[in-house]
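Just so you know, residue 1 is the first one in the sequence shown, and it goes up from there. In listed order, ligands and their atoms are each counted from 1. FYI, side chains are in, hydrogens and waters are out, and symmetry mates aren't considered; it's all heavy atoms of this structure.
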Amino acid sequence: MSSETEPVARRRRCTCKVIVAVIVALVLLSILAAILAIGLGGPGNDLRRVVMSRCTTFLEREDPPNRRKICQTLWDAFTGAFVGRDQCEVPLEAYDQLVHSVPQKDHCHRTLFWSKTKHVVHQFTQGTKCLVTLEDTLLGFVMDGLTWCGRNGSRKTFTTGCPRWTQCPLNPVRSFWGRVSAAFAASACGNATVMLNGSLATPFDPNSTFGSIEVKNFNSSRMTGLAVVLVASESDSATCENSSLQNLQKALDPALKYSCKVVQQSQIQGCIADPPLACGKCW
Ligand code: N1C
């Protein structure tokens, strides 16, 4: 009896080992598949999901009946700019169709540009709703903080392994901000504002997007002036006489009225905490 049960037990142990091995192999295979999905197709789907959901969220506030259609058009024009292209060969013009495909609004006297002050600027615009930055418009809102690129010969979108901002000038993210910043500046009307960083030696940097693209796209037949708000902290000696600000003044069309004011960051924080009754009364 025992001579028969021994092989049966051994066979059972073998079957168990095979089952365990198959389960382990299946688990390993699914982990591998997940890694491959993230590396190949996953990010594209994630990017699409983020873009579509931000786009519909933005348009929900404005409530146009055809927001799904607008967002699909936006996605198609957006991906059309860089999919299948070398990551360092996406010219600014690649985004022309995208810029023309979305509805644009006029924000006369309310346009706010910025350079090296992104955090306080967005705290201010979100807290007070007085001024409008590029990130408060559809394209800026949807793409803010995202990274994307394509690959030569591939129909996919990627969010990893993309060039950094300074790696090559014609990378998809940098060209996007260049193109939409140019359109945003060209559409400014009335008196516009720019918040610059008074803690820096050169608050106006001619190589920044603001200095190299936006200032050059101001349209003096639409705009009347530019008000510089030099955001200062208690410890620094920020002054409107800073030579970089004189360069900014020189770079502007003389038809534009230039003004400059040093405003303490604490004063701006105060307005964010307790928004002034009238917009424009913070400084
Ligand atoms: O190079 P900058 O600032 O002068 O660009 C800021 C300027 C603003 O007035 C915006 O209208 O250009 C526009 N802009 C954006 O709106 C924007 N959102 C996010 C330019 N760049 C933008 N980013 C990212 O910030 C972008 O990916 C790049 O890395 C920074 C540039 O910020 P900066 O040097 O402080």
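A distance below 2.5 Å between sulfur gamma atoms is met by C189 and C108.
Closest to atom 4 (O) of ligand 1 among all protein heavy atoms lies S115 OG, 2.7 Å. In terms of protein heavy-atom proximity, atom 26 (C) of ligand 1 is closest to W165 CZ3, 3.5 Å. The protein heavy-atom contact nearest to atom 35 (O) of ligand 1 is K116 N, 2.8 Å. Nearest protein neighbour of atom 5 (O) of ligand 1, counting heavy atoms only, is T209 CB, 3.3 Å. The protein non-hydrogen atom at the shortest distance from atom 25 (O) of ligand 1 is W114 CH2, 3.8 Å. Distance from atom 9 (O) of ligand 1 to its nearest protein heavy atom, with residue and atom name: E214 OE1, 2.6 Å.
Considering M143, R174, R164, E135 only, the shortest heavy-atom separation from atom 16 (O) of ligand 1 involves E135.
Using 4.0 Å as the threshold, S181 has a heavy atom nearer than that to some atom of ligand 1.
Note that atom 30 (C) of ligand 1 has no protein non-hydrogen atoms nearby, at separations under 4.0 angstrom.
The side-chain heavy atoms of Q265 and Q269, taken from C-beta on, include a pair separated by under 4.5 Å. The shortest side-chain heavy-atom distance between L146 and V51 falls under the 4.5 Å cut-off. Between L248 and F210 there is a side-chain heavy-atom pair separated by less than 4.5 Å.
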For a side-chain contact (heavy atoms from CB on, under 4.5 Å) check, start with the C-alpha distance between V83 and R155, then their side-chain angles and the critical distance, and finish with the verdict.
CA-CA 6 Å; V83 164; R155 299 303 307 156; 3.9 Å; yes
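Nearest approach of N242 to P203, heavy atoms of both residues: ND2-CD, 3.3 Å.
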